[in-house]
Structure formats: structure tokens, C-alpha cells
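In what follows, a single structure is set out as C-alpha cells and then discussed.
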Amino acid sequence: MRRPEAPATAHESGLMSAGEPSVTMEAEQLQRLLDALPALISYIDSDERYGVVNRAYERWFGEDSGSVVGRQVREVIGDAAYAAVKPHIAAVLAGRPQDFESRLSYRNGRRRHVRIQYIPHLGASGDVRGFFVLVSDVSEQKRAEDARRFLADASAALDPAQGRDAGFRRVAALAVTSVADLCAVHTLEPDGSVHARVVAHADPAKAELAARLARLGGPLPEPGTRTSLLHEVLHGGHGRLLPDLADPALAGADHLAALRELGCRSAVIVPIRGDGCVLAALTLASAEVDRACDAADLAFAEELSQRIEVALQRVRLYDIARDAESEARRRFLAEQEARRAAERAAQRMAGLQRITAALADALTSEAVAQVVVDIGVAAAGAYAGTIVVTAGDGLQCLKEVGYGRGTVERFRQMPLDAALPLTDALRTGAPVWLRSREECSARYPRIASAVLSGATVSLCCVPLVVQERPIGVLGLSFAEPRPFDQEEREFLVAVSRQCAQALERARLHEERAAFVERERRVALENARLYREAHEADRRKDEFIAMLSHELRNPLAPITTGLELLQMSAQMSAGERVDRDDGQILATLERQVKTIVRLVDDLLDVSRITRGKIELKRERLDVASVVETAVESVRPLLVQRGHDLVLSVDPGVFVHGDRVRLEQVVVNLLNNAIKYTNPGGRVSLACTAVDGDARIRVTDTGVGISADLLPRVFEPFMQARRTLDRSQGGLGIGLTLVKRLAELHGGRVEALSGGPGEGTAISVWLPLAGAPSAPAEAPAPPAPGAAPPRPRTRPLHVLLVDDNVDAADGLRRVLQLHGHAVSMAHDGPAALEAARASKPDLVLLDIGLPGMDGYEVVRRLRAEPELTRAYIAALSGYGQDQDRRRSREAGFDAHLTKPVATEQLLSLLAEAAPRG
């Protein structure tokens, strides 16, 4: 990430005040902000003393940041670091901003590569009073840059014309200037002794001690004695990582003891191979205090050793080319052959360098395979090539070029036990060289025709090995016989090594990326599940509240009607003359049916969800189903004042359950009626369309918003509920419609232009192919009782409720107790009735359409003539917050529906003294 550039100067009028740093935030907040930053941030005055430091100084120098304030720069960072920054301090105190990078050795022995910015603090008169400091640690970045630059420089420094030892010296000199404090190259001599070819140290003062290391060596230890790590590597061992040279387990090794004397703290030792054996051992050691060599350093050293190995090949190839040129002086034909050999060697080397450079940017297995196949095939002179990798119990083609489609498909997946050159190379870990068709036919007689199809005359399969573990195979096909001489084999093995290491690096990168992606997906999934659980919980709570409200609404007139019938039973025949018990029983029947419908809908949803519902199918005319459903909802249609438009084609038959299909149509009509404002239009059309019977119910109602439309068939899903509950319902009607339609093999669809644009819901049911027939019927109401006489003086009561049945029942109860009752069914009518009759008691429903009860009570309390009126709230909502809100609005009492007679009489007794 690129750091924003610092301002050139800080003036006293803005950033500085009274000679000290200042910002618009309070000093304590500023200090917390500075302490949170990883970089060193401080203010140093003109005497080079710290005035302000952040907490990063504690992490860098191991002492409390407060103890740094007041001390001089030289004392805090040490003489060596101070000597490097002193010229820049002088420049910033002269008023010139400084922005520079430097590798500093601090007082505590730690070395860091840092980027430093000094910003002068100018006083009002332009004099420099001090400067601000921002120090960022860029050691890792510089280390990576130095490593890349060093590898490139090392490759260039290994000039074949200079010889092997000269190349070692140049590489060592480069290494101690950028990537290591010590670099040494040891070889094993024919007599068994270890010889230090090159030893270089970054500190010239330690050259004499380094020379002592160069003289160390001696023959191999006797069998059974402790073998040094250097001997192990020189005798074919793997690279060794030594993160702590002070480890007591390493105390017996002379080579490592010398490294400790040179001040080195950690090291890596890797073999330099060639000609099928170890030619030398490369040691890179570090004296850094706060950073030990790690696996990345080991990988870097191994890559350097491979480049040296390639360079040694170049040296050998150069020698061959030079010998060929001298021989060419005597023989013209030999000269041409030598020239061709040199050109091939140069091409291979160039190809290997191109592969190395391209692999540095390849981060995925596919990208690595693409680089090796595209560049390696051309560099090797092959016409086709492939890379296969292990996949479970077989091999899988990762990338190929040049082969026909049939060949690719045949060998895209291969079991490990197949008798193929590719699988043999993987199982044995050794290359397979097939120089001609004849050799291939002799070794693989059953597959020779398939393997050597088309232009293939010879081929090779080189295993891709990581830490002695084959992970895949590089296969190359040639259009002519190939001798696969030693040079070519070494080149192809070098390519395979580069490819194997790049594949392993890509695998690690992909695993890290996959892990990060998995973590991200898990986090997103957890967030989604949390949102869904939260939404389900919210909808559950809302459903329970709505269920309570929906059950209380019909229970109110039921309770009142039952009490009226009970009172009627207690009256004499003369008192009962003008009573209409039939109307009371009709009211009870309607409300009981409402409760039964709510409970049935809930049970149906549960049964369908658990698969417990069975359909009694028969051949049905949809017109008869529609007719019965319309009759069921006609009272609600009349009550809401809607127009119903029917368009039902005759002779549309389906094979279904009559009761359930009537339930579907009734729910669709109920929804349309409830969600359409009074005086609207509801249309029902039925027709046969493409093998289905389509029942479509359209209304001119409130419509459905675009965000709710996809979820309208989910259980308990409703648009935002209003206080008046004029629509009612639990949000399960459309869920029933959808699930019953699906049980019949049908489907549903909801369309709406948005809020206020109405809704159209369609149900498709498969047309019937053969006949059948059913039937069903309802039940009658029950008789009642008689009321008691009023216990308080007659009051004038104003009863306000949009539920006509509930209001009428309460009116009868009040009248039977000797009270005068006025009625209103909405807010404005209630206000007019109150002004006209000046009631002693107002029973006011909260959930009124248009103007709710809260607004009505506020306006009644504003009327001077109604200040003594006792006003009680009627509501299906009875939770603490509902009672608190009604009290705050101006109600004297809060009654929850249904209201019991005893509760009502108590309220009358309480209201009587005010009248």
C-alpha cells in the first residue's frame, strides 16, 4: 500500500502553537491515535531532544516511551544509526524536508531498513523550532527486493568465461552486500577433505576471522563418529535450516562454531548439484538479532543453488563450445556440429531463464503449467508437451499443448497402476527416455500405437519432485529421434525442478487463498443465518401478537352475546318482549365461524407442512367450486361495499378435493376483499389455458411492494400492519393457497404494480381427464340467557367501535343495565356524537380506521365541555406498552377485548361520580 506523502512543512499557525505540536483534537486523543500506529512518530526540538513519541518506540527499543521524552536522538538510537541520519537532521533543521531510506544499526543491536520522513516545524517568523519524524520499517519489502535483485545479479555474475571459482567469488561478494552477512562455498575434495572455495563477510573488519573459516576443513570423520552438517550436505544431503546457531545440539560442528565466532545467529546450508551429484555446499548466514532464517530463506538459498547449478552447466557448456571451436580449426564438419551444440545449449539456457522469470509471477497451478508447457516445449525443441499431476489414486492432465483431441481425452485421467511412461516416471521418481519408436514399442508394446500416434517419434517423461516426493510428470513429444544426451537430460531435469518448486509454491498459495475464501464464506453464511433467525424470530413474535388480536376480536362480541343471553334467561316473559335473541345468536355464529376458520387455517398449514393431509379427489367443475366460495364470502363483500366481477368459463374440470379447492378460492377472495378499501372492485376469472385451469383473482386494493412480492406466499408474511387492523389475518392464507395448489399438482403466481396498484393472484391446476363427485354441509347456532339489572345510576354512554357486532353487543348490555347509549364507528363520527350528546362515559376503540383512538381521545380532551367525561380505551392489544401508551394519550382506563360484564359494570361504577 502506498503511503500518502507528508506535507513539506508544519507552520505554527496551523499544526503548531506556542512552540509545541497541536491539532484540533485534544492531546490525549491525539496520543491514543499516535500510539495505535505501527510506525515511529515523534517530535524533536532544535536541540535534537524528543518532545513527543508514540508507543511504537517501546516496541522498537524495548523501553517505556515516556522515558524517551527529553533524551537526545543519539542516546536513543545509538551512534551507528545517528551517524547515518545526522546529515538529514542538519538539513531539516535548516528548513529542508527530508524523505529518505536507509539500513540502520540501532543501539539495541537490531538492524532495520527504514523509510524516514522529517518535516520542519517553522515558527511564526520562519525560524525552525524542531521537526516531526515518521519512521516506517520496510525491512521485509527491501529484503524481498534485494533477494529478487540479487538473484538476477547473481545469474548475470555467473559468467561461464570466468570459471567456476570466479563465479563463486562474485556471487559471494554480491550476497554479503544485500541478502546475508556471510556467504561461503565449500567443496569435497577427492581425498575426502572439505575445502572452502570462497568465504565473504559483510563487515570488512571481520575479514581475518573469515580467513580462519576458509582454512577449516579436514577429512571425513571416522565411521560411527558425529558427522557435521556440512559433511552431510556435501554427501548428498538436503538443504538444512539452522534458525539458532547457539543451539547446544550444534555445538560439536567446527564449521558452525566458526560462524558463531563471526557473530552469525542463524544460517542455511544447501547443496549445489551437478552431474548427478553434489558439487559444493552453499552457506548463507545472518547476524540479525530480531530475525532468524526461516523456510523462505531456505527456499531462496535452494533457488540460488539451482541458478549456480545452471551457471555451472553454462560453464561446462561453454568449455564444450570452446573445445569444439578449437577442434573446428582442424575439422570443418566438427566445427559446424560444435556450433549447433552451442546454439542448442544457448537456446535451452535462454528458455530456462525465461521459464524462471515467468514462474516468478505464476501464482496458481494452472499458471505454472501454462508457463512450463508454453516456454518449455519450445526451449526443448518438442512439438507437443503436457504436465500431469497426482489426483487421488491417479494422474490428471493439468495442461497440454500440441496433441490431438483424441489423445488428450484418452489420457486426461490415468490410474497410477497403468503401464504408461507417465505413470512409470511418477511411481519410480526417475525419468523415462524413449529415443525412438522402436524403443517405445519394445518397452510398452500394448500402448505404442496410442502413445506414438501422429507425429510423435520419441518422447520423455520427467518426474516433478518436491523433497523426494513426486507430485507430477512433465511429458514432451518430439517429431524426430532424440539421443537425450547428458546435457539435454540435465536441462530437462532442471526444467522439471523449476516446475515442481513453482507448483508447490502455487499449491501453498492456493491453499491459503482457499482458506481465506472459506473463512469469508463461513462469515457470510453465519451472517445470513443470523439475519434469517432474527427475521424468523421477529415474524414469530409478530404472528403471536396478531393471533392474539385476531382471536380477541371475535371473542368480544361472543362474550357480550353470551352475557346478553344469560341476562335474557333471567328476565320475565314481559321484559323479554322486545328482545331479538335471533340477532344475538347470528352474531355468535359469525364470530365462532371466524375463530374456527383461523384455527382451521393454522391446522391446515401444520398438516400440509408435516405431510399429514390427504386429498379426497373427484372430477369437479371449477364453476361450482367458485359459486360455493363466492357465497361464503358474500357477507364480507357486502360489508366492505365491493363490486364482484365474475368471468367463469363453463365446463372447466379438474381432478381435486372440493373442500380444499373451495378453501383456495375463499382465501384468494378473502385476501382481495380485506386488502381493498371499501367500494373497490374484486374480479374472479376462470378459464382453461394450455392444459391447466387458471383461477385468477384481481383487486383494486393496496397492492404489494416489490421487495415483499417474492415472499408473499411464505407463512405469516404480511405487508406492514396498520394499527386499525382493517385487513386482519395471520399471513397464512396465501401459504395455504400455494401448498394446496401444489398438492393438486398446480402452481401459484402473484403480480402487483406496487403499493396502491392492486394485486392479481393466479392459481393453475391440471385439467381433469376422467369424472367423479362429492358434497359437504355446515352447523346451526345455540340459545342464550338474560341480563341482570344495572347497579349504578343511569349514564349516557358513547360507544365507539368499528366492529359493528362487538359494538352492538356492548350497546345491548349497557341498555339492559339502564344506560343510554350512542354509537359511532369511526373517529370523525365519534367526535360529532360526543359534541352532540356530551356523554358521561366514552368507550373508545383504539384501532379505528382513518383516525385512531389515540387521536380521538386527544381531540375529546381538548373540548372544554367534555373535560369531565370518563374515557376508557377498548383494544385487542393488552400488553404493558399498550396500556402505558393509552394512559399517556389521555385515557382514564384500558379494557382488553373481549370485555366481561363484571369488568364493564365496575367501569360504570367508577365513571358514575364524574357525571
Side-chain angles (χ1 to χ4, degrees), residues 1 3-95 97-124 127-140 288-291:
M1 182 180 295
R3 206 168 27 213
E5 295 299 325
T9 58
H11 289 276
E12 187 175 271
S13 59
L15 188 60
M16 303 294 293
S17 174
E20 295 182 354
S22 150
V23 290
T24 56
M25 64 178 66
E26 294 179 0
E28 188 176 295
Q29 294 173 317
L30 175 60
Q31 187 64 49
R32 281 201 297 268
L33 174 61
L34 295 178
D35 288 344
L37 299 175
L40 296 182
I41 302 177
S42 60
Y43 175 78
I44 300 174
D45 62 23
S46 58
D47 293 328
E48 298 183 14
R49 293 183 182 276
Y50 288 94
V52 175
V53 298
N54 68 343
R55 197 173 295 276
Y57 277 80
E58 295 181 11
R59 295 189 293 271
W60 280 45
F61 297 100
E63 57 185 298
D64 184 71
S65 58
S67 67
V68 176
V69 176
R71 293 164 62 187
Q72 287 197 323
V73 175
R74 183 171 189 164
E75 179 185 358
V76 172
I77 70 175
D79 293 340
Y82 180 78
V85 302
K86 176 59 179 174
H88 298 282
I89 293 177
V92 73
L93 290 177
Q98 301 293 297
D99 189 341
F100 61 97
E101 290 186 4
S102 180
R103 182 180 172 92
L104 301 182
S105 296
Y106 286 99
R107 173 175 52 82
N108 55 12
R110 296 184 175 181
R111 286 179 294 176
R112 298 177 186 262
H113 201 110
V114 294
R115 180 186 176 185
I116 302 177
Q117 294 173 281
Y118 293 157
I119 305 168
H121 166 215
L122 304 181
D127 58 316
V128 178
R129 298 190 173 186
F131 59 96
F132 296 93
V133 178
L134 173 63
V135 182
S136 303
D137 190 346
V138 295
S139 300
E140 291 300 324
E288 290 190 45
V289 176
D290 56 344
R291 183 184 180 277

Quiz item: Rounded to the nearest 0.5 Å, how far does CG of Leu134 lie from CG of Asn54?
Solution: 9.5 Å

Quiz item: Is Glu48 salt-bridged to Arg71, cutoff N-O under 4.0 Å?
Solution: no

Quiz prompt | Exercise: identify the closest heavy-atom pair between Ser105 and Ala80 | solution = O-CB, 3.7 Å

Practice problem: Go through His88 and Tyr118 one step at a time and tell me if the ring-ring contact (aromatic ring centres under 6.0 Å, His included) criterion holds. | Solution: CA-CA 8 Å; His88 298 282; Tyr118 293 157; 7.0 Å; no

Quiz item: Is there a donor-acceptor contact under 3.5 Å from the side chain of Asp47 to the main chain of Arg49?
Solution: no

Quiz item: Are any side-chain N or O atoms of Arg107 and backbone N or O atoms of Val76, one a donor and one an acceptor, separated by less than 3.5 Å?
Solution: yes

Exercise. Report yes if some heavy atom in the side chain of Val85 is under 4.5 Å from a heavy atom in the side chain of Phe100; otherwise report no.
Key: yes

Quiz item: Would you call Arg112 and Glu288 a salt bridge, taking side-chain N to carboxylate O under 4.0 Å as the test?
Solution: no

Quiz item: Should Tyr57 and Tyr50 count as side-chain neighbours, where that means a heavy-atom distance under 4.5 Å?
Solution: yes

Quiz item: Between atom CD of Glu63 and atom CD of Glu58, what is the distance when rounded to the nearest 0.5 Å?
Solution: 9.0 Å

Quiz item: CH2/Trp60 to CD1/Ile77 distance, rounded to the nearest 0.5 angstrom?
Solution: 11.0 Å

Quiz prompt | Ion pair Arg129/Asp45, N-O distance below 4.0 Å | solution = no

Exercise. Mind running side chain to side chain contact (heavy atoms under 4.5 Å, CB included) on Val114 and Glu101 for me, showing each step along the way?
Key: CA-CA 6 Å; Val114 294; Glu101 290 186 4; over 6 Å; no

Quiz item: Heavy atoms, side chains only, cut-off 4.5 Å: are Val133 and Ser42 in contact?
Solution: yes

Quiz item: Which heavy atom in Leu104 sits nearest to a heavy atom in Ser102, and how many Å separate them?
Solution: CD2-OG, 3.3 Å

Quiz prompt | Gap separating the CG atom of Leu37 from the OG atom of Ser136, nearest 0.5 angstrom | solution = 9.5 Å

Quiz item: Excluding sequence neighbours, so at least two apart, what forms ring pair (Phe, Tyr, Trp, His ring centres under 6.0 Å) with Tyr82?
Solution: none

Quiz item: Between Ala39 and Ala56, which heavy-atom pair has the shortest distance, and what is it?
Solution: O-CB, 3.4 Å

Quiz item: Would Leu122 and Val128 satisfy side chain to side chain contact (heavy atoms under 4.5 Å, CB included), going step by step from the backbone distance to the final call?
Solution: CA-CA 5 Å; Leu122 304 181; Val128 178; 3.6 Å; yes

Practice problem: Let me know which of Leu40, Val53, Ile41 forms a side chain to side chain contact (heavy atoms under 4.5 Å, CB included) with Leu34. | Solution: Ile41

Self-check item: Electrostatic pair Asp137-Arg115, nearest N-O below 4.0 angstrom
Solution: no

Quiz item: What closest approach, in Å, do Ala83 and Pro87 show between heavy atoms, and which atom pair accounts for it?
Solution: O-CD, 3.6 Å

Quiz prompt | Atom pair CD/CD1 of Gln98 and Ile116 - distance to nearest 0.5 Å | solution = 10.5 Å

Practice problem: In sequence, state the C-alpha distance, the side-chain angles, and the governing distance for Val92 and Phe131, and then conclude on side chain to side chain contact (heavy atoms under 4.5 Å, CB included). | Solution: CA-CA 7 Å; Val92 73; Phe131 59 96; 3.6 Å; yes

